[in-house]
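Fair warning: this is a prediction, and the values are worked out from it, not measured in the lab. Chain letters run A, B, ... following the sequence lines, proteins first, then strands; residues in each count from 1.
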Amino acid sequence: MLNTDGQLYTIEGFAAALIMIATAYLVVNATSVYTAGDTHISDMQLEALGIDALKVMDTNESHLSKSPLRDIIEGTPPGAQNATFGANFWYLINNRTQSGADHIQYTASYSYRNTTDNSVSSAFINASRNLSGGEHAVRATKWVVVNKQLPGDSAAHDRAVLVEVLMWRD
Amino acid sequence: MARLNDDAQWIILMGFLISFSFFFLALVINQSTIVGQTTAESVIEFPKNDIRDVRGVIISSVNVTNPDIVRSDITVISLNRKNAVVNFTPPQIKDNHTVINIHYNNGVTEFNENWTSL
């Protein structure tokens, strides 16, 4: 006849086994804990946001007018800075449907080629905050064709420059 | 000696089964962060926006006043600032269409296109 006397001891054994397996799993996994701050998810979202904002700024209203971004670069000689870029870009990346702005900071520059020695230099455009070195920044870039006299040029003509924006949250 | 009382054994057993299944469900949820991590990494690594951007500026270089200078701008700045080798032919006219061969390589992703204007 079937004897059920050992059931409780069997269950106790199973319980002990489960506790040991769970403990071993947690201990092994504790060496690689991913938190939202460690992952690249927020980096990817920030980069996509920046690229979209730059694309919006490089869109002209008609083929007769220049895009805002092109206007800004043509009006910013190397060594100067441009507050119009700051106002436009800051609004595009920090605007939210609810009241109160987001906390994304940026620093923007554009890179150009010096035609005399083929070197590449960067010219500052604008920044919402200075880089201290501790930020976890991502970079968004956009090619822009401008009509501008850059260092090494004798007169203004069409040039391709790369707008680079570093973005981070604080 | 009193006999071991085993009246509630099935309740205890069911309790263990349910908590064990919760544990495995928690493991599945635990994987979601890692899935998001690898997805985000591959999105960042694949230069979709870079390729579209450089392709756009190469095509727009057809209409500039000094195409040679703009073409060197694109090649030199791509290598310097984007770590990408970009090479493309000057626009050629074939059968009333403008044709450009575009090559892009950033060491991970390679993109080649034989662009023809409409």
Worksheet item: What pair of heavy atoms forms the shortest contact from A/A160 to B/V57, and how long is it?
Response: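 In this case the closest contact between A/A160 and B/V57 is CB-CG2, 4.5 Å.
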Worksheet item: Minimum heavy-atom separation for B/R81 to A/R139, with atom names?
Response: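 Residues B/R81 and A/R139, closest heavy atoms: O-NH2, 2.8 Å.
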Where on [X] is there a heavy atom nearer than 4.5 Å to chain B: the side chain, the backbone, both, or neither?
| X | result |
| --- | --- |
| A/A48 | neither |
| A/T115 | side chain |
| A/S119 | neither |
| A/Y112 | backbone |
| A/E164 | side chain |

Any chance [atom1] of [X] has more than 12 other-residue heavy atoms, nucleotides or ligands included, within less than 6.0 Å?
| X | atom1 | result |
| --- | --- | --- |
| B/N112 | CG | yes |
| B/F23 | CZ | yes |
| A/Q149 | CD | yes |
| B/I11 | CD1 | no |

Worksheet item: For chain B, which residues from residues 59-74 of chain A lie under 4.5 Å away (heavy-atom distances)?
Response: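 Listed by number, there are no contacting residues, so the answer is none.
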Would you say [Y] ends up clustered with [X] if hydrophobic residues are merged whenever their side chains have heavy atoms under 4.5 Å apart, either directly or through other cluster members?
| X | Y | answer |
| --- | --- | --- |
| A/L162 | A/M57 | no |
| B/L25 | B/I18 | yes |
| A/V144 | A/M167 | yes |
| A/Y25 | B/F20 | yes |
| B/I102 | A/V145 | yes |

Item to complete: Quick one: which of A/N118, A/D58, A/T141 has the most heavy-atom pairs under 4.5 Å with chain B, could you say?
Response: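 The answer is A/T141.
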Item to complete: Output the option from A/L18, A/T10, A/V138, A/I51 having the highest count of non-hydrogen pairs under 4.5 Å with chain B.
Response: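 Among A/L18, A/T10, A/V138, A/I51, the one with the most close pairs to chain B is A/L18.
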Practice prompt. Give, as side chain, backbone, both or neither, the part of B/T65 having an atom under 4.5 angstrom from any heavy atom of chain A.
Written response: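 The answer is both parts of B/T65.
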Worksheet item: Could you state the interatomic distance from OG (B/S42) to NE2 (A/H40), rounded to the nearest 0.5 Å?
Response: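 It comes to 11.0 Å.
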Fill in: Donor-acceptor pair, side chain of B/N66 and main chain of A/D158, under 3.5 angstrom
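It does hold such a pair.
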Worksheet item: Mind checking which of residues 69-80 of chain B sit less than 4.5 Å from chain A, heavy atom to heavy atom?
Response: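 Near chain A, by residue number: B/I69, B/V70, B/S72, B/D73, B/I74, B/V76, B/I77, B/S78, B/N80.
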Worksheet item: Do we see a donor-acceptor contact under 3.5 Å between the side chains of A/K142 and B/N49?
Response: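 Checked: A/K142/B/N49 side chains show no N/O donor-acceptor pair below 3.5 Å.
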Worksheet item: Based on non-hydrogen pairs under 4.5 Å, which of B/I44, B/T39, B/T38 is most in contact with chain A?
Response: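 Most heavy-atom pairs under 4.5 Å with chain A: B/I44.
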